[in-house]
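Just so it is clear, the structure is predicted and the values come from calculations on it, not from any experiment. Note that these values count all heavy atoms, side chains included, but never hydrogens, waters or copies made by symmetry. Protein chains get the first letters and strands the later ones, always in sequence-line order, with residue 1 at the start of each.
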2 protein chains.
Amino acid sequence: MPIHPPRSDALTDTNPASVATTRPLPQLSAELIAVIVAVTGDSPRILTLDRGLRLPSGPFETGHRSLQAGVRSWVERQTHHALGHIEQLYTFADQDRLEDPDPKQVISVSYLGLTLEAPASGDPGVGWQGWYRYFPWEDHRQGLPGVLGPILDALEQWVHRAHSVEVRRARTRRVHHTFGVGGERWNEEWTLQRYELLYEAGLVQESLRRQNRFPAERRLATGEAMQHDHRRILATGIARLRAKIKYRPVVFELLPEAFTYLRLQKAVEALAGRRVHKQNFRRLIAFQKLVEPTGGMENKTGGRPARLYRFRRAVLQERIMAGSKLPLARLE
Amino acid sequence: MPIHPPRSDALTDTNPASVATTRPLPQLSAELIAVIVAVTGDSPRILTLDRGLRLPSGPFETGHRSLQAGVRSWVERQTHHALGHIEQLYTFADQDRLEDPDPKQVISVSYLGLTLEAPASGDPGVGWQGWYRYFPWEDHRQGLPGVLGPILDALEQWVHRAHSVEVRRARTRRVHHTFGVGGERWNEEWTLQRYELLYEAGLVQESLRRQNRFPAERRLATGEAMQHDHRRILATGIARLRAKIKYRPVVFELLPEAFTYLRLQKAVEALAGRRVHKQNFRRLIAFQKLVEPTGGMENKTGGRPARLYRFRRAVLQERIMAGSKLPLARLE
DNA sequence: CCAGTTATACTCACAATGAGCATTAAATGC
DNA sequence: GCATTTAATGCTCATTGTGAGTATAACTGG
């Protein structure tokens, strides 16, 4: 199935619509890209094509009633996975999209969707990948991840490559703040900023690829790359989701009908890449009346059996956008 | 200056790029729309064209380096107002855009910008308008606004026009929740949801216009309408800004270099459409070290002179996206 | 001097949160 | 059957954050 239609150069120059305006209108096309997230056990996973190299995506077509309908259609065509609620992430049309020397403009519109993982089908290469494969430095559940050391060393070198003192100072501060070192604290929501910093510092494959440079001796431990700017879009999705779970009850979209408190907590921790205090977590969930007991029990816990709960869908009505906080607001 | 170029129907049918894909690619164009906000005294204002009927906007053109560059260019061309930081609001391409029976697809990308008000120039009709002119029910600084009564009555009627009990019940609940009545509390962030509810209930001019119905006897006090869906975009901008001032120090973009606590508070209240407790507001601002005294005083206060402060730009570095809360989190 | 107006300091009660201890209920290995 | 392990669940306590109010200071116009 052809994902990207071959581009034609016809029509690029004379666009009749441009006669009356000051500048010509470009030959536009729109690309729809989806970040589809699920949580399996304690691993946050995303739906990918080409064995993890790309996100589901395709052009906005005439048959599509809306952008959202277009994304749905592409994800379902490519992965045979039905989607629930999806939300828009970001739109851009910067000329710096990779591997596309064609002067025609492409507008990329990305979406974030949450589901339960289902066995993938569709084209070969379709499947679920843990998102920390692309961002190993983002998982702080076991304390500071090992990859962080080499990354900070490389960033240190990048700081020193700057020519003026002011630039070096600014870079140092930026590294400290985004990565939570030097007296600063780690903020898991800054996934995008961290990725962009690594990109600018030439520490991810995508930025080297762009300059036709390839990491030779310098073997970077900065996660798997993706095609085009899909990894940046994924970073945007992770950041958005990490921010959102704190004030809206979206985790439940990633859980089955009945679940234990621990499973809920593990899902939150998986997404946030941080651990939370168990007792306080329960207290907060219970206090907000987000869930109600199903009556059933789970006894494959390895210890005392756990009560099963279900999400009280009513809260979506009660507080359409209101707070349903998770104990991530402060530092652990 | 022609804002919207005349549309041509040539090229609509045979697009060579569509040959290899399953469905034809539409003849696309992108419209860039800007919500530019300032606060003057205690009135939140937006930059408009056509005496308040439209927001600055124009098509994405070949010369534009990026979407953001395109918006800037349009705003500056149309209003001669230089912009500072702007951020993306939303993108859509739904077929239900008004007054456009043309089957060609238009993708609308909207942006939100914050500035200081400067005397407007450019085309005649360019100027600043208070935003409560379009949303009179959104200003709760003097308690419940008078327009709210008739609006709720009209919504009541809409509830009763539903045919089944379930629909009536659902509508009632929706009205209660979005408008904060019937035991619920007003949430100023739901500006968009309220507008959409009024739209669906046929209580804003835009929705009647769409069905070629015009409010005859039923004189609606639901604010000034705008062209196309610009009022909806404005509602999106207001909602975003109201949410954002609570966790990011963006109000300062709307204030001059030096300001008093009261002026800062008035700006926050203007945006939020709510009042806040003065002493606690000061405490919160002071505690967070968001500002530092300039040393100067303001003595046209009408009472005891007030200290002047400036925003500590350093906090933007210190907490790139971190919390800088304003006392709006809870209800007043 | 006064009343009126606004700025600013401070207090108090209570809710929310982080951290930890203690107890309970099951499975598992011996 | 019993000790051990694992996890669920209940509870306390100190600290901080927040809403609300009182008190005082510093100016204006009469």
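Taking the six-membered ring for Trp and thresholds of 30 and 60 degrees, Trp186(A) and His140(A) have nearly parallel ring planes, at less than 30 degrees apart. Aromatic ring orientation, Trp128(B) versus His81(B): perpendicular (interplanar angle above 60°, classes split at 30° and 60°).
The separation between Glu298(B) atom CD and dT28(D) atom P is 12 Å, rounded to whole Å. Atom NE2 in His277(A) sits about 14 Å away from atom C1' in dA8(D), given to the nearest Å. Here dG29(D) presents its P atom at 11 Å from CG of Asn299(B), a figure rounded to the nearest Å. Summarising the geometry, the separation between CD on Gln265(A) and C1' on dT9(D) is reported as 13 Å, rounded to the nearest angstrom.
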Yes or no on side-chain contact (heavy atoms from CB on, under 4.5 Å) for Phe135(B) and Arg194(B), after CA distance, side-chain angles and deciding distance? CA-CA 10 Å; Phe135(B) 303 98; Arg194(B) 283 185 285 268; over 6 Å; no
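Checked against salt bridge (Lys or Arg N to Asp or Glu O under 4.0 Å), Arg133(B) has the following partners two or more places apart in sequence or in another chain: Glu224(B). Arg283(A) is linked by a salt bridge (Lys or Arg N to Asp or Glu O under 4.0 Å) to nothing, counting only residues two or more places apart in sequence or in another chain.
Contact check on Lys244(A) versus Glu87(A) returns a salt bridge, with a Lys/Arg side-chain nitrogen under 4.0 Å from an Asp/Glu carboxylate oxygen.
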Where protein sits on nucleotides 3-11 of chain C, one letter per nucleotide: B base, S sugar-phosphate only, - none, heavy atoms under 4.0 Å: --BBBBBBB
